[in-house]
Amino acid sequence: DDQVTVLTGGPKRIQCPEDEDFMASFDKMLAENLQARSQEALKMPQVEITVPMNIKTQKKPKPPVVNFLGVSPSEKEEEETEVDESGKMCFTLMTKKGNKLQFSTLNIPMSENFASKMKEREEAERAE
Amino acid sequence: EEDEEDQFYTKDLPLHACTYCGIHDPASVVYCNMTKKWFCNGRGNTSGSHIINHLVRAKAKEVTLHKDGPLGETVLECYGCGCRNVFLLGFIPAKADSVVVLLCRQPCAASNNLKDVNWDPSQWQPLIQDRQFLSWLVKVPSEQEQLRARQISAQQINKLEELWKENPDAKLEDLEKPGVDEEPQQVLLRYEDAYQYQNIFGPLVKLEADYDRKLKESQTQENIVVRWDVGLNKKRIAFFHFAKANEEMKLMHGDELRLRYLGDMHKPWMGVGHVIKIPDNYGDEVAVELKSNVGVPVDCTMHFVVDFVWKPTSFDRMQAALKTFAVDETSVSGYIYHKLLGHEVEDVVIKCQLPKRFSAPGLPELNHSQVYAVKTVLQKPLSLIQGPPGTGKTVTSATIVYHLVKQTGGSVLVCAPSNIAVDQLTEKIHKTGLKVVRLCAKSREALDSPVSFLALHNQVRNMETATELQKLQMLKDETGELSSSDEKRYRILKKQCEKELLQHADVICCTAVGAGDPRLAKMQFRSVLIDESTQATEPECMIPVVLGCRQLILVGDHCQLGPVVMCKKAARAGLSQSLFERLVVLGIRPIRLQVQYRMHPALSAFPSNIFYEGSLQNGVNPVERTKKNVDFPWPQADKPMFFYITSGQEEISSSGTSYLNRTEAANVEKIVTRFLRSGVKPDQIGIVTPYEGQRAYLVQYMQHSGPLNAKLYQEVEVASVDAFQGREKDFIVMSSVRANEHQGIGFLNDPRRLNVALTRARFGIIIVGNPKVLSKQPLWNHLLTSYKEQKVLVEGPLNNLKESMIQLSKPRKLVN
Ligand SMILES: [Zn+2]
Ligand SMILES: [Zn+2]
Ligand SMILES: [Zn+2]
């Protein structure tokens, strides 16, 4: 119930030399880090990144599952990835914690290119 | 038992709050693994989010997400190589599944291994875009959250990061700390955020606290002679005279004093107690009720020393309120937060069912402007009510409280700066039939008041259901002390009862400082009404406000006395301006109550014209305000007022600091005697005098030199203007005292104080003083000119008053 409309609008960027410096430093840091990385001549470790089968079938975790470690998600019928009311689509972020795989749910806004592509793709599949 | 406030309740930001702005939603914050500090993913007013601002400036690269965020405690790292440099990290989505992984740009995302059926490296995107973490990875705080947080600029961020290189624990406040000798920062009209607010008011409260402590500590008095007595509650009472009464040092009921015995008739002893009597008409003795009867040297009377025990409680509570306001976003609603800081906010109307009848049961019918005030206030989250003298402020406030309880069903917190004002309001609210609890400071529990029966400690005593507590209470009352196990049990039971009573109350009434009582610490009050808010400093006012306020009503009158600030430095910096006043300057129009029921219309005319733009209407007529059978020589029959010219010499009183005027005192006595002879009751006469020296002298002079029985004079109240604020008497005699050509008129120079002095009387007022000196001051010049025009500027003996022919200079136009 605590809604308030501040008439001066949202937070606005205040231009100042310190902020300009920050932007320049950011670009510099990005470029330097990338360059250093290229010179390290690292090799990609030979690991194949595969999407586990249980994740493939689980399209829409409900309720959102957080941090289950290697636990196989509940059996579910294959269904279309749905877009919720706020225009977001459920994705799973796959990370490694030690040797274990970890899956967490991400709500990706449809404004993200890859999310809308996924949606299109699914619709096309269904039409076939 | 009184000293349980050590475990004082203060709020702190959680450790994971953004070190820049304080935002602490776990979904929005990121931990910098190198500097071990948290930052949010909001930009504030800079071009990158706070975490990115920090990483770049600190040259840090690795981060961890919060354990309570949607992804849990996750170190962001490359799925392929484990690289943790967030400037290199990005993600790719799987081709056919809604799965993403984090991968570094070099070499993992560029590797050939990926070019299988599952992944599409061409879709790789960095985690940091537009100098902010992707919003679906780390939530961006809402605009509303960001506006409510601390507003930090890129300059401040820079300075802070520089400071951290030398001192990693440095705080933003450290950037602006003034040196010891510097003048404090002035108060502002508008504040960026509650941190700036705290940074400005905190040091002012500190100044005032230091001043108060030094003043109290300098008041030690030696060679005190004590007279011992025992109170009804079996506690020891020490009576003694205080040699010097410092004008600034106002001894008050409930103050804590320490008594020490230095003689050799008894082993060394020291005891602490509360003041239960101060010098008044009935005697100049001070009485202190000791906390413990153990070892009191009651056979000794000489060689005592008295010290003031300084209590930081009220100042600590102000500081705690300032802090809570800054760090706890549940302390007040967003609307009130921004309004109090002077930000422009879209108006909000509270949807509520307006009552059919605006007058509350048990209280007088309301007039038009009062109904308007009640109606308007109920629909607004923040309102100011200005109640000029005699306009029914208390009834209006009590009526508002009644409707708030009926409407919200929750409990309402009602405060005022002074105990007298709280008691008056408590009494009125009780009449409406609501369940009221009056919460008193523990040091004042022994003092009697008209609403004692509503006081929490008395309600606990009278709780019939608490039989075990009653038994222990009886035992305690009889024997004075309990065994330690009984005492422990007693306290637990008492706490339980207190909690129950507070939670079931419709209304809790206490002083503004009292709202910081630990017994209220865990409670939330949606609606808060502060009466006489114009007499409280801002930090004082904030104590009740930060208990969860969503609807705030400030009642007061900025044309009457403001808050008392003793430290000149703090006063100059603006601590003596009330919150009410600042909100008025910010453009919030107070709802003014316009009909006065106190003064004879002849008495209200001048204050109305000078202080209220002539807007005061009279709810009483001259007949109602003329005392039948009181034979008094008013120079104009239809005007019960005059200025009585007296040009006596002013002297420094024996205490060395305040002024007295013997001729004026003699004239005041003659007037009082005349009133008493014509049948006016002594308790209906008030004498207003600006100085403590004159007060003491007047009391003594009337009782010794007045022709009537000394007891009659004893009942005539003699006090300062400040002591009369909020009250009324049938007749007021004002001794203006200053008659020195070379000095200003000091105390009465403040227009607001003059307003209060002139508006206490219902039936008649007489001012005694020297017009030559007073007329130099523009406001007094106006007053004297007005009296002269009405032919009530007079001199001569009381039974033969003559219009004075004194020439006054033309009054200058007054600028408010
Ligand atoms: Zn932040
Ligand atoms: Zn990698
Ligand atoms: Zn704001």
Side-chain angles (χ1 to χ4, degrees), chain A residues 1-14 16 18-19 21-23 25-26 29-30 33-34 37-38 40 42-51 55-56 59 64 66-67 81 88-97 102 104-109 112-115 117-118 121, chain B residues 42-48 52-53 56-57 59 61 70-72 74 77 79-81 85 87-88 91 93-94 96-102 104-108 111 113-114 116 118-119 123 131 135-137 143-144 146-147 153-155 157-158 333-335 337-338 343-346 348 550:
Chain A
D1 69 323
D2 192 9
Q3 281 301 311
V4 58
T5 310
V6 180
L7 294 174
T8 43
K12 282 182 202 71
R13 189 190 154 217
I14 298 170
C16 58
E18 287 82 358
D19 198 47
D21 286 350
F22 158 69
M23 287 197 281
S25 312
F26 177 85
M29 197 155 161
L30 200 61
N33 279 303
L34 196 60
R37 192 76 171 167
S38 326
E40 279 173 61
L42 291 157
K43 262 196 264 157
M44 162 84 169
Q46 295 299 316
V47 273
E48 212 165 292
I49 312 176
T50 46
V51 180
I55 288 295
K56 276 177 178 287
K59 292 290 186 180
V66 176
N67 252 356
T81 312
K88 285 182 182 145
M89 197 168 165
C90 268
F91 273 73
T92 302
L93 174 69
M94 191 164 78
T95 48
K96 272 194 285 193
K97 194 153 197 167
Q102 182 176 324
S104 355
T105 304
L106 284 173
N107 287 308
I108 310 290
E112 287 289 338
N113 213 11
F114 68 92
K117 267 194 177 158
M118 178 63 65
R121 193 193 154 92
Chain B
R43 293 172 198 271
N45 52 37
T46 72
S47 61
I52 305 302
N53 262 287
V56 167
R57 287 181 166 90
K59 304 232 177 303
K61 293 159 198 168
L71 299 183
T74 305
E77 62 178 36
Y79 190 92
C81 69
N85 184 335
F87 292 93
L88 297 169
F91 70 96
D97 302 287
S98 47
V99 176
V100 297
V101 287
L102 304 183
C104 70
R105 185 164 168 181
Q106 275 285 352
C108 300
S111 156
N113 295 356
L114 273 179
D116 61 15
N118 282 329
W119 308 93
Q123 288 213 45
R131 297 173 220 92
S135 65
W136 48 263
L137 191 70
E143 286 196 345
Q144 207 168 327
Q146 292 193 49
L147 283 173
S153 66
Q155 289 100 314
I157 289 178
N158 247 13
S333 71
Y335 181 85
Y337 177 87
H338 290 294
H343 303 166
E344 304 232 357
V345 177
E346 198 169 273
V348 171
R550 258 110 192 101

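Throughout, protein chains are lettered first and strands after them, A, B, ... in sequence-line order, and every chain is numbered starting at 1. Computed over heavy atoms, backbone and side chain alike; hydrogens, waters and symmetry mates excluded. Predicted model, so just to flag it, every value in this text is computed and none were measured.
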Inter-residue atom distance B/Phe91.CZ - A/Leu106.CG, 0.5 Å rounding: 9.5 Å

Heavy-atom proximity to chain B below 4.5 Å, by part of A/Met29: side chain

Contact leader toward chain A among B/Gln146, B/Lys59, B/Arg57, where contacts are heavy-atom pairs under 4.5 Å: B/Arg57

Exercise: identify the closest heavy-atom pair between B/Leu71 and A/Leu93: CD1-CD2, 3.9 Å

Interatomic distance, A/Met23 atom CE to B/Thr46 atom OG1 [nearest 0.5 angstrom]: 9.5 Å

Polar side-chain atom of A/Asp19 near backbone of B/Ser47 as donor-acceptor pair, under 3.5 Å: yes

Nearest heavy atoms of B/Val56 and A/Phe26, plus distance in Å: CG2-CD1, 3.6 Å

Contacting moiety of A/Leu34, where chain B heavy atoms sit under 4.5 Å: both

Among the listed options A/Glu18, A/Glu112, A/Lys117, the residue most often paired with chain B at heavy-atom distances under 4.5 Å: A/Glu18

B/Ile157, part contacting chain A, at a heavy-atom distance under 4.5 Å: neither

Beyond-backbone contact of A/Phe91 with B/Trp136, side-chain heavy atoms, under 4.5 angstrom: no

Residue pair A/Val4 / B/Tyr337, side-chain heavy-atom distance below 4.5 Å: no

Greatest number of heavy atom pairs closer than 4.5 Å to chain B - which of A/Thr95, A/Asn33, A/Ile14, A/Leu7: A/Leu7

Side chain proximity check, A/Thr92 to B/Ser98, heavy atoms < 4.5 angstrom: no

Proximity breakdown for B/Arg43 and chain A, heavy-atom pairs closer than 4.5 Å: neither

Proximity breakdown for B/Asn53 and chain A, heavy-atom pairs closer than 4.5 Å: both

Spacing of CD belonging to B/Gln144 relative to OG1 belonging to A/Thr5, to within rounding of 0.5 Å: 7.5 Å

Spacing of B/Arg105 atom CZ and A/Leu30 atom CG [to the nearest 0.5 Å]: 6.5 Å

Nearest-0.5 Å distance, OG of residue A/Ser25 to CD1 of residue B/Ile52: 13.0 Å

Region of B/Gln123 in contact with chain A, defined by heavy-atom distances below 4.5 Å: side chain

Flag side-chain contact, heavy atom, 4.5 Å: A/Arg37 against B/Cys104: yes

Top contributor to chain A contacts, counting heavy-atom pairs under 4.5 Å, from B/Ala94, B/Gly42, B/Ser135, B/Gly44: B/Gly44

More than 12 heavy atoms of other groups within 6.0 Å of B/Gln155 CD: yes

